[in-house]
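Counting begins at 1 with the first residue of the sequence. Every heavy atom of this structure was used, including side-chain atoms; hydrogens, water molecules and symmetry mates were not.
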Amino acid sequence: MVTDDYPPYSYKKNGSISGICMDVIQNVFGEHDYDFNVLLYPFARAYVTARDGENIFQFCVARTPEREELFQWIGPVGPSYEGLVALRKRADISIDADSDMSAHTIGTVIEDVVDQHLSLIQEELGLMLDKASGYRQNIRKLMAGRIDIWAGNIFVAFQLAEELGYDPEDLRVVYTFPDLHKDFYLVTGLKSDPDLVKDLTRIFDSYVEKGGYEEMKKRFIKSRAFGFSEQ
């Protein structure tokens, strides 16, 4: 399995992978006869590796129409809340519609779901996208004034600001993308063994049906409400 540095969803802590997505994976497969190793890659590398590889699985991947036919979708691993975050002191930033985004430089992460979404409308709206390989890099750029807006998962923005030594209270949510507020998934490419995918999906479906995922999801959202309450 592969994932990326995406706290609080997936990240390395004390030499091992932590986060809600990792917790869900362990809960789902912990009692079954599957051994797996998780590698931490930049998102774009993880995305391409899983998409083009065989029996390589990635989490956390947002499910969108553009990605639907590129992967086999196994099960949800965490809630996705996507939007735009700016510095609280930037009173000049006010976004009420997609067209308002063109006035500001927006930092995205390559192949992230928000990056893909904004790239589709970039030419139409004249968006200024500053693409980077990692989320931490973009938080630092936002704090240094090198970009006006941080684009991506709202929970991730507030978590990274705190981890990097900034005050999360200095951030505010300025816009959200409700169409992207879906679950992250465990996925694998089209070349992967269909029997393996079928069995993993069966295990995941059973976990979801028994309420295991919904319980973890509710606990996670409650613990992260500080990053989402201002929308």
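Comment: Asp170 does not engage Lys89 in a salt bridge, judged by the lack of any side-chain N to carboxylate O separation of less than 4.0 angstrom. Classification of Arg202 and Asp205 as a salt-bridged pair fails, no side-chain N sitting under 4.0 Å from a carboxylate O. Under the 4.0 Å criterion applied to side-chain N and carboxylate O atoms, Lys217 and Asp183 are assigned as salt-bridge partners.
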**OP:** Evaluate the salt bridge (charged side-chain N to carboxylate O under 4.0 Å, His left out) criterion for residues Lys131 and Asp115: first the C-alpha distance (whole Å), next the side-chain angles of each, then the deciding distance (0.1 Å), finally the verdict.
**Re:** CA-CA 8 Å; Lys131 297 173 179 271; Asp115 175 65; 2.6 Å; yes
**OP:** Take Tyr9 and Asn153, measure what side chain to side chain donor-acceptor pair (under 3.5 Å) needs, and give me the verdict at the end.
**Re:** CA-CA 10 Å; Tyr9 294 91; Asn153 186 282; 3.2 Å; yes
Original post:
Run the side chain to side chain donor-acceptor pair (under 3.5 Å) check on Asp5 and Tyr41 step by step: do they pass?
Top reply: CA-CA 7 Å; Asp5 183 29; Tyr41 289 166; over 6 Å; no
**OP:** Given side chain to side chain contact (heavy atoms under 4.5 Å, CB included), test Gln72 with Leu190 step by step and report yes or no.
**Re:** CA-CA 6 Å; Gln72 300 183 72; Leu190 302 182; 4.1 Å; yes
Original post:
Which is it for Glu66 and Gln116 under the side chain to side chain donor-acceptor pair (under 3.5 Å) test, yes or no, and what are the steps along the way?
Top reply: CA-CA 9 Å; Glu66 294 78 18; Gln116 290 184 345; over 6 Å; no
Subject >> side chain to side chain donor-acceptor pair (under 3.5 Å) between Asp4 and Tyr11, worked out >> reply: CA-CA 7 Å; Asp4 61 308; Tyr11 57 99; over 6 Å; no
**OP:** Test side chain to side chain contact (heavy atoms under 4.5 Å, CB included) on Thr176 and Ile154 and set out the steps.
**Re:** CA-CA 9 Å; Thr176 62; Ile154 292 166; 3.9 Å; yes
**OP:** Verify side chain to side chain contact (heavy atoms under 4.5 Å, CB included) between Leu164 and Arg136, making sure each step is shown before the conclusion.
**Re:** CA-CA 8 Å; Leu164 293 172; Arg136 294 173 188 273; 4.1 Å; yes
**OP:** Run the numbers on Phe43 and Val2 for side chain to side chain contact (heavy atoms under 4.5 Å, CB included), then give the verdict.
**Re:** CA-CA 9 Å; Phe43 180 79; Val2 293; over 6 Å; no
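We find the CZ-CD distance between Arg67 and Glu111 to be 7.5 Å, quoted to the nearest 0.5 Å. In this structure, the separation between CG on Asp193 and NZ on Lys198 is 11.5 Å, given to the nearest 0.5 Å. A distance of 9.5 Å separates OG1 of Thr49 from CG of Leu39, quoted to the nearest 0.5 Å. Within the model, atoms CG of Asp23 and OG of Ser18 stand 7.0 Å from one another, a figure rounded to the nearest 0.5 Å. Atom CD of Glu215 and atom NZ of Lys210 lie 13.5 Å apart (nearest 0.5 Å). The line from OH of Tyr166 to CZ of Arg140 is 6.5 Å long, rounded to the nearest 0.5 Å.
Using a 4.5 Å cut-off on side-chain heavy atoms (C-beta onward), Thr108 and Leu118 make contact. Using a 4.5 Å heavy-atom threshold, the side chains of Asp98 and Ile121 count as touching. A 4.5 Å side-chain heavy-atom check between Met101 and Ile106 finds at least one atom pair inside the cut-off. With contacts defined as side-chain heavy-atom distances shorter than 4.5 Å, the pair Phe57/Val38 does not qualify. For the pair Ser80 and His181, the minimum side-chain heavy-atom distance is 4.5 Å or more. Between Ser94 and Tyr175, the closest side-chain pair of non-hydrogen atoms is not below 4.5 Å. You'll find the side chain of Leu180 stays beyond 4.5 Å of the side chain of Tyr81, heavy atoms only. Side-chain contact between Phe204 and Phe29: present, with at least one pair of heavy atoms (C-beta onward) separated by less than 4.5 Å.
Judged by distance alone, the side chain of Lys191 and the main-chain N or O of Asp52 form a donor-acceptor pair under 3.5 Å. Remark: the backbone N or O of Arg90 is paired with a side-chain donor or acceptor of Arg172 at under 3.5 angstrom. Side-chain atoms of Tyr213 come within 3.5 Å of backbone N or O of Gly78 as a donor-acceptor pair. A donor-acceptor contact shorter than 3.5 Å links the side chain of Asp100 to the backbone of Ala97. Judged by distance alone, the side chain of Ser206 and the main-chain N or O of Ile203 form no donor-acceptor pair under 3.5 Å. The backbone N or O of Thr188 lies less than 3.5 Å from no partner atom in the side chain of Ser192, so there is not a single donor-acceptor pair. Distance alone, capped at 3.5 Å, places no donor-acceptor pair between the Arg51 side chain and the Phe71 backbone.
The two residues Ser10 and Phe59 come nearest to each other via the heavy atoms CB-CE1, 4.3 Å. Taking both residues in full, the closest heavy atoms of Gln58 and Ala50 are given as CB-CB, 3.6 Å, listed atom of the first, atom of the second, then distance. Here the shortest heavy-atom pairing between Ala86 and Ile93 reads CB-CD1, 3.9 Å. Nearest heavy-atom pair, Glu162 versus Pro168, reported as atom, atom and distance to 0.1 Å: CB-CG, 3.7 Å. When every heavy atom of His104 is checked against every heavy atom of Asp92, the shortest pair comes out as CE1-O, 4.1 Å. Listed here is the closest heavy atom pair of Ser102 and Gly126: CB-O, 3.8 Å.
Heavy atoms of other residues, nucleotides or ligands lying less than 6.0 angstrom from CD of Glu68 number more than 12. No more than 12 heavy-atom neighbours from other residues, nucleotides or ligands sit within 6.0 angstrom of CZ on Arg146.
Both Val24 and Tyr34 belong to a single network of hydrophobic side chains, linked directly or stepwise wherever heavy atoms of I, L, V, M, F, W or Y lie under 4.5 Å apart. Linking ILVMFWY side-chain heavy atoms closer than 4.5 Å, directly or via other members, places Ile56 and Trp73 in two distinct hydrophobic clusters. No chain of hydrophobic side-chain contacts below 4.5 Å, direct or via other Ile, Leu, Val, Met, Phe, Trp or Tyr residues, connects Trp150 to Met128. Under the 4.5 Å side-chain heavy-atom criterion for ILVMFWY residues, no single connected hydrophobic cluster contains both Leu120 and Ile110. There is a path of hydrophobic side-chain contacts, each under 4.5 Å, that joins Met143 to Leu160.
The one candidate from Leu87, Asp130, Ile95, Asn138 that meets the side chain to side chain contact (heavy atoms under 4.5 Å, CB included) condition with Ile149 is Ile95. When each of Thr3, Val61, Val77 is tested with Phe184 by the rule side chain to side chain contact (heavy atoms under 4.5 Å, CB included), just one qualifies, namely Val77.
Aromatic ring centres of Phe220 and Phe155 lie closer together than 6.0 Å.
Between the side chains of Asp112 and Tyr47, no donor-acceptor pair is found at a separation under 3.5 Å.
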